[in-house]
Amino acid sequence: MAERTSRIGRDLIGFEIKFRRNRQMTAIYRALRLIFPVILVGTLADFINQAWLQRSGYYYQTLHVAKWAFQLKLFRQYLGLLSAGTLGLTAILVAFAVSFYLVAPATPLITDRLMAGIIAIIALKSLNVNRQSVLSNHSIQWLSSNLGLSGILVGVLVGLLVGNGYRWLINHQDPEHEHLEQTVGVVSLWLVVLTGFGFFWVSTQTVSLNAALLALARWPFQLPHSLGTLLGFGLLTGTCQWLGILGPVASVGGQSIEAAQNLAAVLNHSGWQVPHPITLHTVVDVYATSGGPGMVLALLLAIFLVRHNVAQRRMGWYCLIPTLGNFNAPLLMGLPVIFSPILFLPFILAPLACITLSWTALVLHWVPAVAYPLANGTPGILQAFLGTGGSWSALTLAVLELVISTAIYYPFVKWAGIAEEAIGYETKIS
Amino acid sequence: MKRRFRSLGAILLVLMALCVPGFLWRSQQRANVQANYRSAMAPVFLVPGSSATQNRFNALVAELNRETPHQHSLLRVEVMTDGTLKYTGSVRPADKQPIIVVGFENHHDGYATIQKQAKWFTIAFKALQQTYHFNHFSAMGHSNGGLVLTIFLEDDVARTKTHADRLMTIASPFNLEESDQSVDTPLFKQLSGNRKRLPRALTVYSIAGSEGYSGDGIVPFDSVNRGKLIFQGQVKNFTQMTVTGANANHADLPENQQIVALIRQDLLK
């Protein structure tokens with residue numbers, strides 16, 4: 001704390017502390033902290049499955065896992081179940097926890113807190129239901145898609161809505177009345193209202209709320225490729241991720257027609273002539289996602305570069321393995337980066353810097369464009385090297401960008417640590 | 001100060017260690033990518049039976065293109081007896097699954113002609129591969145067309161370095177028109193003898209038509225049924241189906257609604 005902090009740093013720290021003192025934000029942060037272990041286990045399972053056991057995995061290919069592993073199929077199925085059972089239910093867990101923590105300070109009764117969480121789950125599910133099954137009066141079918149990491153934002157929104165409403169009802173209840181009657185009244189009122197909202201949505205909209213948000217977030221990704229749109233893409237992915245729409249939004253790359261044509265050109269002709277050198281895939285996927293979208297590997301390095309901050313470092317160790325395999329969800333939720341004003345800036349700026357630099361290098365033909373498919377779980381700095389079939393200049397560029405990104409993250413991580421300590425100190429004395 | 005960077009150094013070391021397998025594997029990468037590479041385009045070859053031309057499947061393709069979101073473009077190739085090719089129709093540029101009908105100027109029946117047709121098919125296949133750069137495909141053959149494709153798959157496909165995904169034969173007489181079940185024709189002996197050369201990853205559907213209980217009016221059921229002696233155990237999957245009812249006559253089979261549905265479901269999927 002005695003360390004000298006610049007003016008802008010002090011302002012940011014002040015803002016962060018004020019922001020996180022907000023009741024709504026406190027609930028969100030506590031919810032993220034609560035479900036962090038679940039996300040960590042799910043992500044580890046997903047990482048092992050994707051990188052070690054699937055054909056498209058980095059370790060599967062490089063270490064020839066198929067030759068020495070036994071019961072591969074069985075492990076795949078088991079890990080698939082494990083990650084689906086944890087990551088696949090993220091939105092539900094978030095909705096429950098946010099609502100729970102919003103109501104917690106308003107009532108000493110555990111039943112009220114739990115009930116607020118339960119109602120949030122029901123509200124979320126009534127938005128995520130098979131439309132046809134509701135409208136045709138058949139037995140209702142619940143949807144399980146869109147409840148994964150990409151559904152964190154929806155979970156937060158539903159949690160806030162339900163939690164605040166429940167809180168309001170608690171604050172306005174009649175103290176004279178018998179308690180059981182009160183709870184039944186509050187619960188039934190809220191359930192009727194929220195299911196009504198869900199029904200209204202289902203009967204007027206053709207997609208679930210989660211799917212609608214996702215479609216909105218994906219909409220700009222079908223644009224032509226220039227530096228402007230690449231930067232726009234970086235900004236938008238970053239913002240989406242920061243708001244808690246993690247997961248598939250970011251990985252649009254390898255399957256596009258351009259990528260297929262690039263690969264075909266490289267395989268069918270000698271030499272390295274690529275018809276589409278500048279695409280989202282060759283720039284953003286390869287150079288701006290070391291450690292996952294947002295150059296999170298740089299964030300991890302910055303954490304260990306900053307003078308000792310126990311909490312941050314512990315989180316860094318927990319998230320080490322997934323981050324080295326480009327799975328960024330645990331670190332984003334654990335630190336957290338999601339909904340943190342201080343870390344929003346480097347989380348956006350570092351990828352933008354990388355995109356600009358890579359674009360320049362590609363346009364000036366300093367590095368060849370990536371054409372080979374990228375294996376899942378490839379260490380961030382190696383993606384460009386392997387994607388170009390072993391170009392040392394591409395590797396150098398990737399390392400350079402990691403260094404630059406770490407430098408961008410460094411001051412912000414320091415300030416986030418100071419803010420964290422200040423808030424932690426406050427909660428201890430209060 | 002030293003302690004401060006110890007963890008960082010450890011992490012950087014781990015990061016570098018994880019990169020080692022990638023560096024070691026690099027020399028095999030190209031071969032690996034090449035082996036797993038599948039072109040975006042995977043044409044479907046249709047080969048008509050004897051006494052039918054490259055126009056044999058026009059009605060079928062029109063039927064297949066009805067009510068589907070993905071229209072298949074239709075290219076017809078006629079292979080002349082001297083090995084030259086005549087094209088009609090075209091392949092739409094972005095079409096990932098065009099239908100290519102390969103017909104032959106000499107489309108008479110008989111063992112010798114089938115052998116020649118198989119070689120002519122190879123000529124057409126190689127020319128099309130040069131033009132469209134596909135490296136995997138599916139195929140359907142009606143009657144003797146199925147035999148032509150089977151010979152091609154046994155003798156020539158390996159040399160073209162393409163991968164055969166799915167083969168559907170419709171009423172293909174693997175024992176020709178021989179109705180005596182105890183007689184093996186030379187063609188059957190050839191197909192059965194070379195069966196080990198069939199692509200291991202191939203999926204095969206053999207469809208028989210049945211009018212009455214012994215055949216489709218031209219091809220005896222036993223002759224179609226012998227497909228199992230060629231494919232079973234050699235390819236990844238082998239499915240045999242028998243279609244009866246209206247239009248189960250040998251010549252009508254390609255327009256039979258059940259078979260059209262099977263083509264849609266199994267061949268074009």
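Since the structure is predicted, the reported quantities are computational estimates derived from the model, not experimental observations. A note on names: the letters A, B, ... follow the listed sequences, proteins ahead of strands, and every chain is numbered from 1.
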Heavy-atom pairs under 4.5 Å with chain A, option from B:Gln28, B:Gln34, B:Gln29 with the top count: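 The answer is B:Gln29.
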Name the option with the most non-hydrogen atom pairs under 4.5 Å to chain A; the candidates are B:Ala94, B:Gly22, B:Ser39, B:Ala40.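 That would be B:Gly22.
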Check whether [X] gets within reach of chain B through its side chain, its backbone, both or neither, counting any heavy atom under 4.5 Å.
X: A:Val306; value: backbone
X: A:Leu320; value: side chain
X: A:Ile303; value: neither
X: A:Leu386; value: both
X: A:Leu395; value: side chain

Indicate, with yes or no, if the rings of A:Phe385 and A:Trp392 have centres closer together than 6.0 Å.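 Judged by ring-centre distance (under 6.0 Å), A:Phe385 and A:Trp392 do meet the cut-off.
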Check: A:Tyr60 ring centroid to A:Trp52 ring centroid under 6.0 Å: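 No, the ring centres sit 6.0 Å or more apart.
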Taking the six-membered ring for Trp, are A:Tyr372 and A:Trp272 parallel (under 30°), tilted (30 to 60°) or perpendicular (over 60°)?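 Perpendicular: the ring planes of A:Tyr372 and A:Trp272 meet at over 60°.
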Do B:Asn36 and A:Arg55 have side-chain N/O donor and acceptor atoms under 3.5 Å apart? no
Tell me, for B:Leu8 versus chain A, whether the close heavy atoms (under 4.5 Å) come from the side chain, the backbone, both or neither. both
Could you look at B:Leu24 and say if it's the side chain, the backbone, both or neither that has a heavy atom under 4.5 Å from chain A? neither
Criterion side chain to side chain contact (heavy atoms under 4.5 Å, CB included) on A:Asn328 and A:Val337, from CA distance to verdict: CA-CA 10 Å; A:Asn328 65 356; A:Val337 179; over 6 Å; no
Tell me, yes or no, whether the heavy-atom count around B:Tyr132 atom OH, taken from other residues, nucleotides or ligands under 6.0 Å, exceeds 12. yes
Note: vs chain B, highest number of non-hydrogen pairs under 4.5 angstrom among A:Leu382, A:Leu324, A:Leu267 is A:Leu267
With respect to chain B, which residue among A:Leu301, A:Leu300, A:Leu63 yields the maximal number of heavy-atom pairs within a distance under 4.5 Å?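 Ranked by contacts with chain B, first place is A:Leu301.
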Considering non-hydrogen atoms only, spot the tightest contact between B:Pro21 and B:Ala17 and give its length.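 Heavy-atom minimum between the residues: CD-O, 3.4 Å.
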Of all heavy-atom pairs between A:Gln273 and A:Ala265, which one has the smallest distance, and what is that distance? O-CB, 3.6 Å
